[in-house]
Amino acid sequence: MAPVTLKSITKSYGTTPVLHGIDIDIADGEFVVLVGPSGCGKSTLLRMIAGLETVTGGDISIGARVVNDLEPKDRDIAMVFQNYALYPHMTVATNMGFSLEHRGAGKAEIAERVNWAADILGLRPLLDRYPRQLSGGQRQRVAMGRAIVRNPQVFLFDEPLSNLDAKLRVVMRGEIKGLHQRLGVTTVYVTHDQVEAMTMADKIVVMNGGRVEQVGAPLDLYDRPANLFVAGFIGSPAMNAIAGRITADGFMAGDVTLPLPPGVSRADNAVYGIRPEHLSLAAAGVPAIVKLVEPMGSETQVTLTLGEHTVIGVFRERLKSQPGETVHLQPDLTAIHLFDATTGGRLN
Amino acid sequence: MKTDLSPRMKVALYGLMCVLLIPFVFPTWWMLTSSVKPISDIFAFPPDLWPRRFDFSTYARVFELQPFARQYWNSAYIAALVTGGTMIISSMAGYAFARIKFPFSNAIFMVVLLGLLIPSEVTIVPLFQMFLKWGMINTHWPLILVPIFGAPSVFATFVMRQFFIALPVELEEAARVDGLGRFKIFWLIALPLAKPALGAVAIFTFLHSWNLYLEPIVFLSSTQMFTLPQALTQFTDAYGGAMWNIQLAAATMTAIPVLLVFIVAQKQFVEGLAHTGLKG
Ligand SMILES: Nc1ncnc2c1ncn2[C@@H]1O[C@H](COP(=O)(O)OP(=O)(O)OP(=O)(O)O)[C@@H](O)[C@H]1O
Ligand SMILES: [Mg+2]
C-alpha cells in the first residue's frame, strides 16, 4: 500500500498532445476513479502509472519513489485489463501464480497465495480450468485473483466491467468494492460509466480532453459540480441546462422566467442548471407542457417542454398526466446551479 | 461445422466427395500398386487396379541398386535441421518485426520480403560459386543453409509476423506487469500461443526441404551424398531406361514421411488453434 502522486503529467504521441498537465494526489488506500468520455486520456494515464507508456513530462511517484523510468515489474503494481488478458494456454492456478513464479517465490508459497486468493474470490473449484472454459464473470474474477496474489502496492483497473452484462456488472462492482474494503490497497480505477464512478469511488477524477475538470468525493461532485462539463457528466438522467440571463426578477430564458435563489449577481450569458429530481409539481409555478411520460416503478420520468427548451423531471409520485397537458414546475431553490455560458465555470 | 442435412442429402454429399477424391487418390494408388508389379505388367492396357502378379522384390532391389538407406538418412536429417532452424529463425524474426520497435523496421521487412520475388534459378549460380569458394560443394551445407536463410524462411517469417501481430498486445502487457522480460514474453507467452502458425511453418518447410530437387543436383555429385528426389531418377538399367517398378517402390518409401509429418503437424495445428481461444 502506498500513496500515488501525479505531478503535471503530460503525454504526447509524436506531436499530438493527449494529456495536458495532470495533477492528482491519491492517498494511501484510497479508491480513486478516473472517469470521462471516450478518448479523454483515462487509459493513457493509467498505463503511464503502470509503466506501459512512457511519460512525456511531469513526475509519477508511488510511495516515496519517482517511478517515471522504472519497468512495470519494478513498480509493484498489478493491473486488471479490460479484456482480462488471461494467458490462454495456462490454467487458472498457473495464471494466478505466474507473477510469483517469475519473482522467485517457492512452490509452497505460490500455492499458499493462490489458494488464499482463490478462497477470497470463490475460485477454488476452477483452479484447474483453462480461461476458455470460464464464463465472463469467472474470467473477471481470475483477472482480479492474478492481481491480488502478489499483494502489490497499487491496483490498476482499466474498464474491467465493460465486457459484462448489466446484471453481472452490478455484482462485480460490489465484489471489487468489497475486495478493496477488505485489502485496503490503493486503487486507481478507470471507467466511462458515471454510475460505477459514483458507487465505487472514495474520490472521483473527472477528465475531459486530456485535462482534469474536477476532483472530489462523489457526492461533492454531484452537489457542487465545478463546471458545466462535470454537471452534465455526473448524474443520470443528466442535469437540465437552460441558457439565458440572470436578472433581478429571475432567470430569463426566452419567454420563460425561472425562480432564482436570493443573492445571485446578474449575468447576461449564463446557464441555469437543475437536476431532474429537484423539480417538483405544484399548483402554481413555471408552466410546462408534458411531452413524454416514462413510469419506472419507483419514480416517474417526464420529458417536458419549457418554452423552447426541453427538460427532464423525475418525480416520486405516479403521474397520470397525458402528453400535451400543461403542468406547473417548482424548482428546489437550494439545488440550483448557475454557470457562465462562455467559460462553463460555476457562478454560485 | 454443424449443418442439419437430411440423411439422403448426406449420402449424396459423401458420394460426390468420393467422386471428387478420385483424381487425388488415383496417382497414389497407382504408385503403390505398380511398385509391386513386374515391370511388364505396369503398362498393361487397360491398367489393372489390383496387381495380377505380386513382386515384392522391387523393395529389396531399391537398396541393392543404390545406397538408399544412406540417401534416406541424408534427406531426413537435412529436412529436420532445416525445419528446426527455420522455426527458430522465423519465429524470432517474425516476433521482432511484429512487436519490437526499431528504426526502419517496416522498410527492412519489405526488403526482406522482396527476396521472395527472386526465383531460386536466378541465384543458384552465384550460390554455387560462393559455396565452391567455401569448399562446401558435395557437402550438405548448401542444402541446409540456403533454405534456413533463404526464401522458405522469409515466407515463414512473414507467416509468423502476421500471427504475432494478431496476438492481443494486452497479453504481453500483462506479462510485463507480471515481471517478464522481452525474451521470456516471447518464449513463455507468444511462442506457445503461436503453435498453429508454427505447425504450418513446420509442414511447409519440411515439405520444401524434402522435395528439394534443383539444389541437390547442382551441389551434390556422389551417390553417397544424394537426397531422395535426386536418387529417384537414378533407378535406370544399363541402357538408361527407367526401371519403373523399382523407382515407384522408392517413391512410395519417399512419400511416407511426408504423410506422417502432415498427420502429426496437422493435429498440432488444430490443438494450437483451440488453445488460442481468446475470447472477448
Ligand atoms: N498509441 C497511440 N498513438 C496515438 N494516439 C493515441 C495512442 N493511444 C491513444 N491515443 C490517443 O490518445 C487519446 C486518449 O486515448 P485513451 O485510450 O487514453 O482514451 P480513453 O479515455 O481511455 O478512452 P476510452 O474510454 O474510449 O477507453 C485518444 O485521442 C487516442 O486517440
Ligand atoms: Mg480506455
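Every chain is numbered from 1 and lettered A, B, ... according to where its sequence line falls, protein lines coming before strand lines.
- Contact between A:Arg103 and B:Val177 at its shortest, heavy atoms only, is NH2-O, 3.0 Å.
- Within 6.0 Å of the CZ atom in B:Phe183, the count of heavy atoms belonging to other residues, nucleotides or ligands exceeds 12.
- Closest of all the heavy-atom pairs between B:Leu188 and A:Met90 is O-CE, 4.1 Å.
- For chain B, the nearby part of A:Ala78 is the backbone; its heavy atoms alone come within less than 4.5 Å.
- The minimum heavy-atom distance linking A:Phe81 with B:Glu173 is given by the pair CE2-OE1, 3.7 Å.
- To the nearest 0.5 Å, atoms CD (B:Glu170) and CE (A:Met79) are separated by 7.5 Å.
- A:Asn83 has its side chain out of reach of B:Pro168: every pair of non-hydrogen atoms, C-beta onward, lies at least 4.5 Å apart.
- Expressed to the nearest 0.5 Å, how far CD of B:Glu172 lies from CG of A:Leu52 amounts to 11.5 Å.
- The environment of A:Lys177 atom NZ is dense: over 12 non-hydrogen atoms of other residues, nucleotides or ligands sit within 6.0 angstrom.
- Atom CH2 of B:Trp29 is surrounded by 12 or fewer heavy atoms from other residues, nucleotides or ligands within 6.0 Å.
- Heavy atoms of A:Arg146 lying under 4.5 Å from chain B belong exclusively to its side chain.
- Contact detail for A:His89 and B:Pro192: the closest heavy-atom pair is CD2-CB, 3.4 Å.
- The local environment of CZ in B:Phe104 is sparse, with at most 12 non-hydrogen atoms from other residues, nucleotides or ligands closer than 6.0 Å.
- The pair B:Asp178-A:Arg150 counts as a salt bridge, with a side-chain nitrogen and a carboxylate oxygen less than 4.0 angstrom apart.
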Can B:Leu180 and A:Lys73 be said to form a side chain to side chain contact (heavy atoms under 4.5 Å, CB included), step by step?
-> CA-CA 8 Å; B:Leu180 271 65; A:Lys73 65 180 161 83; over 6 Å; no

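- Crowding of B:Phe24 atom CZ: a count of heavy atoms from other residues, nucleotides or ligands under 6.0 Å not exceeding 12.
- Contact tally against chain B (heavy-atom pairs below 4.5 Å) for A:Pro152, A:Ala50, A:Pro72: the top residue is A:Pro72.
- Using a 4.5 Å cut-off between heavy atoms, A:Glu71 touches chain B through its side chain atoms alone.
- Annotation: the span from A:Tyr87 atom OH to B:Ile189 atom CD1 amounts to 5.0 Å, rounded to 0.5 Å.
- Remark: B:Met110 CE is loosely packed, at most 12 non-hydrogen atoms of other residues, nucleotides or ligands lying under 6.0 Å away.
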